[in-house]
Chemist: 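Once you've had a glance at the structure underneath, I'll fire off some questions.
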Amino acid sequence: MKNLVIVESPAKAKTIEGFLGKDFVVKSSFGHIRDLNKKQLGVDINKDFLPDYEIPADKTKVVADLRKAAKEAETVWLASDEDREGEAISWHLAEALNLDITKTRRIVFHEITKQAITKAIESPRIIDINLVNAQQARRVLDRLVGYELSPVLWRKVKPSLSAGRVQSVAVRLVVDREEEIREFKVISWYRVIGKFFVNNDKGEGILIGELSRRFTNAEETVAFLESLKSASYHVSSVEKKPGKKSPAPPFTTSTLQQEAARKLGYPVARTMTLAQQLYEAGYITYMRTDSVNLSDTAITSVKNEIITNWGAHYSQVRHFTTKTKGAQEAHEAIRPTYLNQQTAGSDDGQRKLYDLIWKRTIASQMADAELERTNITIGISTTKKEEFIARGEVIKFDGFLKVYAESTDDDLSEDTEGLLPPVTKGEALKPGEITATQKFSQQPSRYTEASLVKKLEELGIGRPSTYAPIISTIQKREYVEKGERPGTTRQFDVITLLNGKTDFKIKTEKVGVDKGKLFPTDIGSLVNQYLVTNFPDIVDYQFTATVEKDFDEIAEGRLVWNKMISSFYAPFHKTVDKAIASTEKVKGERDLGIDPDTGKRICVKLARFGPIVQLGETENESGEKPRFAGLRKGQSMETITLNDALDLLKFPRLIGRYQDDDITAAIGRFGPYLLHQKKFYSLPAAIDPLTVTEAKAIEIMLAKQEKDRLSVIRTFDEDENVIIKNGRFGPYIAFGKANVPIPKKTDPATLSLEDCRQLSEAYLAVKGKSRTSKTAAPKKEPAVKKKAAPKAAADSTSVKKTTRATTTTEAKPKAKKASAGKAKPKTSAKKPKKA
DNA sequence: CAGTGAGCGAGCTTCCGCTTGACTT
């Protein structure tokens, strides 16, 4: 083998290999191949922040493979992306593969064409160590912030929490927005709309105009309408102005996520999965990019496509430049690979996303839409101060709008401005209904996943490859959740004047309905408050922008990376120490008031298992214990009231009696439920546990019993712990406490007790081995089982590990992430049991 | 599935950015 070319992605490798001929082998590194030691800080504070790099377990195979190939090759070409991270990947490759730096060539290309790649091969350079150092600084800073801040939260708030340069600011945005909404003061005004009849030699029509003045209260408005009773109206001016609209640039990762959310309703993670599938199938270019640039060949084929479909006058070649600071032109915008392919994708989701990308790309190279805007002012005979204005907008030439129009987050399309009837100045108009409607200012809107990404991008926080992970991280950590608010009803005034009579009506509307938006959780708000108070610099919106400037200077060789880190770390670390020493544990305790029955204090605070309300003091002379109640879903520590708390403290409450036993209602981890004869019955959301009647409760219980009875396929007299049932996912065996699925081929009704036992034991044996299961492990000796399972997994994987002496340490493969991280800790199981 | 709300102080958690699969459900 003569030449080995290493790129970042396997899809790219495949394409490029086709261009380069027999003497070249192209392999991929699958992104970064080394990272800081995950178990420790991974940075030696006392040795100028020397990073401790290791090859992560999931990369050992890749690196071994690349080492082998590099040994056989005469020349190794490092062709990772042309940005900070890409340069670092090349450098890590050179280090990890023990490459001779004088024989190693660094190449970059901006588009994946044969021409671009052969040209790149002709002009190799050496690794830019300044750029590498800028990346090391970025990496080390993120590690220092993340790994020093998170432990502060473990001590002061709750274990396992996390903080970081990016995620903490993302959470702050959501928390601050919620605060803005809470603080928002609604103001109202009266908007007057007049309807006028046109009847002239060109025909008949209607003009709708808005009064040039807004009124602040109803009295003023009524008085004005009264004054119009004797008024006559005429056209006082007609103004026509040409206008135009231009298309948006082609998609970047962030704008694709926004438009897919607005137009298709996709969460950002779904958009990225679908885009990845389209990319791997060869339908679109790379989906993680901040560039709006289109290659020359792409521009040419878009042009051809437009001319073929709509004619030359619809074509307008445009070169968009990327505004985002620090953006690299290493990639192109997201576009279809072949512009003449109008549809692509193997399922509906892919097809819709592809369609969006195709249209956006095409539209970006189309002509402006030409408009004509018309303003007609309508004079009022009784006043000189006010006038009505009718606005119209007509599309003279649709241009790019033929294909695609960008959506906005706040759809406030109240009036449809269309074509206005032809009128001439001075012409008299007959008035129709004149309506004054009370309007209210709108509170700021909560972030959606996509609009949060947009905001982060504006602040220069995060990268195309991390937008979707950021959004899921802050939700997984339960700092932020997608929620709903039912909204409230509001009254508003409508005053009309018709045929000389005024009429006053009060109407109602629903406002503040929010669905699928991001809400801060109590933990999110609390952690944010703690960070803002104690680490204001780190969670400052400008923090990333500030350090990016330093990274740029490092990249230009004007600043030494570990000096920069040192000047950041010294004060930062001091703040960390101070916070650990000085601050109390954060509970967010807030007084709600006094219980009218007992006279005791009621407060809300964060406890081990979430927010609770507390009645009475934790410690008092009489030794009385306080009463507690957890908050319900949708309630928050910041907004809960005394009355809400009193309601919560009413549980468990007696509903009635049935079959000589009490029925009680209570609220548990999974919501409200009924308890009767030690059996639980969930209460549907529509039923209020505070007001549920005995009759309704019995009805719910009977319905559940009936449903359970119907789901039983077969029971066995010999063993009542084995029941064949029909469930959501098909038939299964309820085997004691475990649920065992029945293979599709077998008819569940024909199974014997012996069959059931065999199936169950076989299933549980496999399940217990493959993962640390909560349900599969028998209750006996839980401590032994729980410890044995992950160890076994680790041993089995480490057998495959190829050991090799290198300059860097290689991380030992450990038990699979899924088994370690996924299961929520069961507190009951955690308690050490004494034998 | 439906407890608890405290606490001995074992042993763990955690960052951001590059890339794909290998996993359940």
Side-chain angles (χ1 to χ4, degrees), chain A residues 7-13 28-36 38-43 58-59 62 80-81 83-86 88-89 92 135 138-155 158-168 276 279-280 286 288 461-467 469-470 473 477 544 587 605-614 618-619 625-630 652 665-675 678-683 728-729 737 741 770-771 774-775 816-822 825-828 830-832:
Chain A
V7 295
E8 287 182 45
S9 100
K12 217 177 190 178
S28 114
S29 74
F30 295 84
H32 276 295
I33 50 136
R34 295 203 306 185
D35 194 10
L36 296 174
K38 218 173 102 150
K39 288 272 148 237
Q40 293 135 36
L41 189 60
V43 177
D58 59 341
K59 286 291 161 61
V62 176
S80 47
D81 291 349
D83 58 14
R84 202 162 66 197
E85 298 297 326
I89 288 174
H92 280 298
Q135 193 274 348
R138 198 279 304 154
R139 181 68 193 89
V140 167
L141 179 116
D142 281 339
R143 169 56 68 89
L144 291 172
V145 171
Y147 272 40
E148 293 220 354
L149 228 43
S150 301
V152 177
L153 296 181
W154 303 344
R155 288 176 148 207
K158 205 176 137 177
S160 301
L161 292 176
S162 65
R165 173 178 60 84
V166 170
Q167 60 167 284
S168 296
Q276 175 98 29
Y279 166 68
E280 281 168 13
Y286 197 59
R288 290 189 277 266
I461 298 170
R463 302 283 310 129
S465 66
T466 60
Y467 294 139
I470 292 165
T473 298
R477 295 255 174 275
T544 290
K587 292 199 172 123
K605 67 180 185 183
L606 186 75
R608 254 184 77 186
F609 305 106
I612 54 167
V613 291
Q614 177 177 339
T618 314
E619 283 175 63
K625 279 204 166 183
R627 284 193 57 212
F628 302 102
I667 295 172
R669 272 179 67 195
F670 308 101
Y673 64 96
L674 298 170
L675 185 60
K678 294 192 176 168
K679 288 208 165 123
F680 296 96
Y681 303 88
S682 287
L683 275 177
R728 258 197 309 166
F729 307 118
K737 286 210 164 183
S770 66
R771 58 191 290 265
K774 298 175 286 187
T775 49
K816 281 173 202 160
K817 219 165 137 200
S819 60
K822 214 171 187 181
K826 273 216 161 183
T827 41
S828 57
K830 261 174 117 180
K831 277 187 186 168

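Just so we're on the same page: letters track the sequence lines, and every chain starts at 1.
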Chemist: How many whole angstroms separate atom CZ of A:Arg34 from atom P of B:dG17?
Modeler: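 About 20 Å, once rounded to whole Å.
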Chemist: Kindly say if A:Ser150 contacts the phosphate of B:dT13, meaning a side-chain N or O under 4.0 Å from OP1 or OP2.
Modeler: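 For A:Ser150, the contact criterion (side-chain N or O under 4.0 Å from OP1 or OP2 of B:dT13) is not met.
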Chemist: Judged by atom type as modelled, is there a donor-acceptor pair below 3.5 Å linking the side chain of A:Arg165 to the main-chain atoms of A:Gly146?
Modeler: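 Between the backbone of A:Gly146 and the side chain of A:Arg165 there is no qualifying donor-acceptor contact (under 3.5 Å).
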Chemist: May I have the distance from A:Leu36 (atom CG) to B:dG17 (atom C1'), rounded to whole angstrom?
Modeler: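 These atoms are roughly 12 Å apart.
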Chemist: For A:Arg288, does its backbone N or O pair with a side-chain atom of A:Tyr467 as donor and acceptor, under 3.5 Å?
Modeler: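 No, A:Tyr467 side chain to A:Arg288 backbone: no donor-acceptor pair under 3.5 Å.
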Chemist: Round to a whole Å and report the spacing from CZ of A:Arg165 to P of B:dG17.
Modeler: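 From A:Arg165 CZ to B:dG17 P: 5 Å.
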Chemist: When all nucleic acid strands are considered with a 4.0 Å heavy-atom cut-off, which category describes A:Arg139: base, sugar-phosphate, or nothing?
Modeler: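 Base contact.
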Chemist: Can you see which heavy atom on A:Ala607 is nearest to which on A:Ile612, and at what distance?
Modeler: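 Closest pair (atom of A:Ala607, atom of A:Ile612, distance): CB-CD1, 3.6 Å.
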Chemist: Suppose you measure atom P in B:dG11 against the same atom in B:dC15; what distance do you get, rounded to whole Å?
Modeler: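 To the nearest whole Å, 23 Å.
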Chemist: Name the nucleic acid region contacted by A:Arg477, choosing base, sugar-phosphate or nothing; use a 4.0 angstrom heavy-atom cut-off, strictly under.
Modeler: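 Sugar-phosphate: the residue A:Arg477, judged by heavy atoms under 4.0 Å, touches backbone atoms but no base.
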Chemist: Would you indicate, yes or no, if B:dG5 has its OP1 or OP2 atom less than 4.0 angstrom from a side-chain nitrogen or oxygen of A:Gln614?
Modeler: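 For A:Gln614, the contact criterion (side-chain N or O under 4.0 Å from OP1 or OP2 of B:dG5) is not met.
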Chemist: Quick one: is B:dA6 close enough that its OP1 or OP2 comes under 4.0 Å of any side-chain N or O from A:Lys625?
Modeler: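 For A:Lys625, the contact criterion (side-chain N or O under 4.0 Å from OP1 or OP2 of B:dA6) is not met.
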Chemist: Name the nucleic acid region contacted by A:Ile33, choosing base, sugar-phosphate or nothing; use a 4.0 angstrom heavy-atom cut-off, strictly under.
Modeler: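 The answer is nothing, as A:Ile33 stays clear of every strand by at least 4.0 Å.
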Chemist: By ring-ring contact (aromatic ring centres under 6.0 Å, His included), which residues pair with A:Tyr673, not counting sequence neighbours?
Modeler: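 Result, ring-ring contact (aromatic ring centres under 6.0 Å, His included) vs A:Tyr673: A:Phe680.
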Chemist: Taking side chain to side chain donor-acceptor pair (under 3.5 Å) as the definition, give me every residue that meets it alongside A:Asp35, ordered by chain and number, with sequence neighbours left out.
Modeler: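 Listed in chain order: A:Arg139.
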Chemist: So is the aromatic ring of A:Trp154 stacked onto the base of B:dT13, judging by whether the centres are under 5.5 Å apart and the planes are under 30° apart?
Modeler: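 The base of B:dT13 is stacked with A:Trp154 (centres under 5.5 Å, planes under 30°).
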Chemist: Measuring to OP1 and OP2 of B:dC18, would you say a side-chain N or O of A:Arg84 lies under 4.0 angstrom away?
Modeler: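 So the side chain of A:Arg84 is outside the cut-off, no N or O lying under 4.0 Å from OP1 or OP2 of B:dC18.
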Chemist: Roughly how far apart, to the nearest Å, are B:dA22 and B:dC18 at atom P?
Modeler: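 Per the computed distance, 24 Å lies between those P atoms.
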Chemist: Could you check whether A:Ala88 gets within reach of a base, just the sugar-phosphate, or nothing at all, counting any heavy atom under 4.0 Å?
Modeler: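 If one applies the 4.0 Å heavy-atom cut-off, A:Ala88 turns out to touch nothing in the nucleic acid.
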Chemist: Rounded off to whole Å, could you give me the CZ-to-P distance for the A:Phe609 and B:dA6 pair?
Modeler: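 After rounding, the reported distance stands at 9 Å.
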Chemist: By the 4.0 Å heavy-atom rule, please label A:Val166 as base, sugar-phosphate, or nothing.
Modeler: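 Since only primed, P, OP1 and OP2 atoms lie under 4.0 Å of A:Val166, the category is sugar-phosphate.
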Chemist: Stacking between A:Phe30 and B:dT19, defined as ring centres under 5.5 angstrom apart with planes under 30°, is that present or not?
Modeler: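 No, aromatic ring not over the base.
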Chemist: Taking the minimum atom-to-atom distance to the side chain of A:Ser162, which one of B:dC15, B:dC16, B:dA2 wins?
Modeler: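 Looking only at heavy atoms from C-beta outward on A:Ser162, the closest nucleotide is B:dC15.
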Chemist: Specify the separation, in whole Å, of atom CG of A:Asp35 and atom P of B:dT19.
Modeler: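 Nearest whole value for this atom pair: 14 Å.
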Chemist: Is any side-chain N or O of A:Arg138 closer than 4.0 Å to OP1 or OP2 of B:dC18?
Modeler: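 Result: no.
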Chemist: What is the separation between atom CG on A:Asp58 and atom C1' on B:dG17, rounded to the nearest whole Å?
Modeler: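 Spelled out: CG on A:Asp58 to C1' on B:dG17 is 14 Å.
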Chemist: If you look at every heavy atom in A:Arg143 and A:Leu41, which pair is closest and at what distance?
Modeler: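 Smallest interatomic distance, heavy atoms only, reads NH1-O, 3.0 Å.
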Chemist: Hunt down any stem DNA chain B takes part in, defined as 3 or more consecutive Watson-Crick or G-U pairs whose two distances are each under 3.5 Å.
Modeler: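 Correct response: none, since no qualifying run exists.
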Chemist: So does A:Ser9 get a side-chain nitrogen or oxygen closer than 4.0 Å to the phosphate oxygens (OP1/OP2) of B:dT19?
Modeler: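 Checking B:dT19 against A:Ser9, no side-chain N or O comes under 4.0 Å of OP1 or OP2.
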Chemist: Within the 4.0 Å heavy-atom criterion, would you say A:Gly462 contacts the bases, only the backbone, or no part of the nucleic acid?
Modeler: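 It contacts sugar-phosphate atoms only.
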Chemist: For A:Gln135 and B:dG17, is the shortest distance between a side-chain N/O and OP1 or OP2 below 4.0 Å?
Modeler: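 Checking B:dG17 against A:Gln135, no side-chain N or O comes under 4.0 Å of OP1 or OP2.
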Chemist: Select one nucleotide: of B:dC18, B:dC15, B:dA2, the one nearest the side-chain heavy atoms of A:Arg463.
Modeler: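 Of the options given, the side chain of A:Arg463 lies nearest B:dC18.
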Chemist: For A:Ser80, report the nucleic acid contact type (base, sugar-phosphate, nothing); a contact means any heavy atom under 4.0 Å.
Modeler: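 No contact.
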Chemist: Measure the distance from CD1 on A:Ile667 to P on B:dT4 and round it to the nearest whole Å.
Modeler: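 Going from A:Ile667 (CD1) to B:dT4 (P), I get 14 Å.
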Chemist: What is the distance from NZ of A:Lys59 to C1' of B:dT20, rounded to the nearest Å?
Modeler: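 From A:Lys59 NZ to B:dT20 C1': 8 Å.
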Chemist: Please identify each residue that fulfils salt bridge (Lys or Arg N to Asp or Glu O under 4.0 Å) with A:Glu8, with sequence neighbours left out.
Modeler: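 By the salt bridge (Lys or Arg N to Asp or Glu O under 4.0 Å) rule, A:Glu8 matches no residue at all.
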Chemist: Tell me every residue that passes side chain to side chain contact (heavy atoms under 4.5 Å, CB included) with A:Pro151, counting only those two or more places apart in sequence or in another chain.
Modeler: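 With sequence neighbours excluded, A:Pro151 shows a side chain to side chain contact (heavy atoms under 4.5 Å, CB included) to A:Trp154, given in chain and number order.
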Chemist: Given that A:Thr466 and A:Ala607 both sit by DNA chain B, which one's nearest nucleotide is further toward the 5' end?
Modeler: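 The residue closer to the strand's 5' end, by nearest nucleotide, is A:Ala607.
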Chemist: Using only side-chain N and O atoms of A:Tyr286, determine if any of them is under 4.0 Å from OP1 or OP2 of B:dT19.
Modeler: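 So the side chain of A:Tyr286 is within the cut-off, an N or O lying under 4.0 Å from OP1 or OP2 of B:dT19.
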Chemist: Within a strict 4.5 Å, meaning less than it, do heavy atoms of the A:Ser150 and A:Ser162 side chains meet?
Modeler: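 Yes; the side chains approach each other to less than 4.5 Å.
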Chemist: So, is A:Tyr673 near the phosphate of B:dG3, with a side-chain N or O under 4.0 Å from OP1 or OP2?
Modeler: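 Affirmative; the distance criterion is met.
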Chemist: Check every strand shown and say whether A:Gly164 touches a base, only sugar-phosphate, or nothing at a heavy-atom separation below 4.0 Å.
Modeler: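 Sugar-phosphate: the residue A:Gly164, judged by heavy atoms under 4.0 Å, touches backbone atoms but no base.
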Chemist: Mind checking if A:Pro10 touches a base, just sugar-phosphate, or nothing, with heavy atoms under 4.0 Å?
Modeler: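 Answer is sugar-phosphate: A:Pro10 comes under 4.0 Å of backbone atoms only.
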Chemist: Sequence neighbours left out, what passes ring-ring contact (aromatic ring centres under 6.0 Å, His included) with A:Tyr286? Give chain and number order.
Modeler: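 Partners of A:Tyr286 by the ring-ring contact (aromatic ring centres under 6.0 Å, His included) criterion, ordered by chain and then number, come out as A:Tyr279, A:His331.
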